[in-house]
Amino acid sequence: MTIKAVTPRVVEPPARLGMGVSVYPSATAMVWPGDGHAHEAVAVPGVRLAPGDVLVEVELATVCGSDIHTVLGQRTAQAPLVLGHEQVGRVVALGRGGAKTTDGHRVTLGERVVWSVAVPCGRCARCRRGLPQKCLNLQKYGHERMRRGWELSGGFATHTHILDGTPLVRVPDDIPAEVLAPASCSTASVAAALEAASAIVPLDGALVLIAGAGMLGLTATAMATDAGARVVVSDPLPGRREAALAFGATAVADPSSLPAVLAKAGGRSAAPTIALELSGDPAAVRSLLGAVDVGGVLVLVGSVTTGPELGIIPEQLVRNLLTIRGVHNYAPRHLEQAVRFLTDAWQRYPFAEQVGETFALADVDRALATTSHPRIAVRP
Ligand SMILES: [Zn+2]
Ligand SMILES: [Zn+2]
């Protein structure tokens, strides 16, 4: 009888306890305590990284419209929480076993990354149906009540604790952070919206009508133009219409003059076959539904706060073969597309210039109150 040699092994603490990581000076998160309160700086001297977790030092975060909606009380949020879900940063620590980017690359220390707003579980029925952004166990950066063990859960912090399973995408070192930070919300959401539209009508050669020339609208204008579409942008603000032209719009219109502008821009095919509603304005939703051509598609993205009901005439949908799609957040492939697009396009369109002002992390309240530009940034 032979006795099997016993291989000595290192007994590690249970994996669920994670790996303790400290940074000095301590990581700081700006915590929003709830309605009517200013942010408070909270020191987080140590984090525990579970296997697959990543600690990222935030380089720059941008303020998304939904952060503003939260502090204005227009959407419910479980306070106290760390807001911010558009940011770029560098990996400073890895949990046991390391982590991989969405393309299978093993993440290394010092790498520059962006990450999805959503942490899907990857196992539930929704994840299996290809809707990770609507995972039944969903957690979202910048959206969750602060809890012990996941204090650094948003972008308005010196560091963000990236949970295992979060889609991570590498980004080039030579692209300004102002260009990259919006990738994880506005750019990826636009990629998802255009994918939804192009499943019905190919973008190449299409006349696309976009309502709203904020960060989403400008990004969509450039992305659709690059895909071969002619884009007409409607926005009530002259400055925003001017920006849309710099992002490739064929024509721009005040909502009141939209029919005339469309007729001029559309030529023989005067009506758009793709309409993207990115403003959230109920009047724009109605206007786009009325403008879209037979066989066309209306993609709704901007309506993220409670608004009035929209009267739909079923006969209009039937006879005009219309499709209406709602798009909220995105899947990991859209974040990859967003980074690819920005890497290719950032020097052709004035993306960096859309970040108007940059505040220190401690001044995040001022950043949230500033609306002079499509994006305002916070630099830790
Ligand atoms: Zn899931
Ligand atoms: Zn957002």
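Atoms within each ligand, like the ligands themselves, are counted from 1 in listed order.
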Looking at [X], I want to see if its [atom1] is surrounded by more than 12 non-hydrogen atoms of other residues, nucleotides or ligands under 6.0 Å.
{"X": "Q316", "atom1": "CD", "answer": "yes"}
{"X": "R112", "atom1": "CZ", "answer": "yes"}
{"X": "R123", "atom1": "CZ", "answer": "no"}

Taking the Zn ion (ligand 1) as the apex, SG on C121 and SG on C135 give an angle, to 10°, of 100°
SG (C127) - the Zn ion (ligand 1) - SG (C124) angle, nearest 10°: 110°
Show your working on side-chain contact (heavy atoms from CB on, under 4.5 Å) between K140 and H85 and close with a plain yes or no. CA-CA 8 Å; K140 286 171 80 176; H85 55 272; over 6 Å; no
Nearest to the Zn ion (ligand 2), which N, O or S atom of H85 do we find? NE2
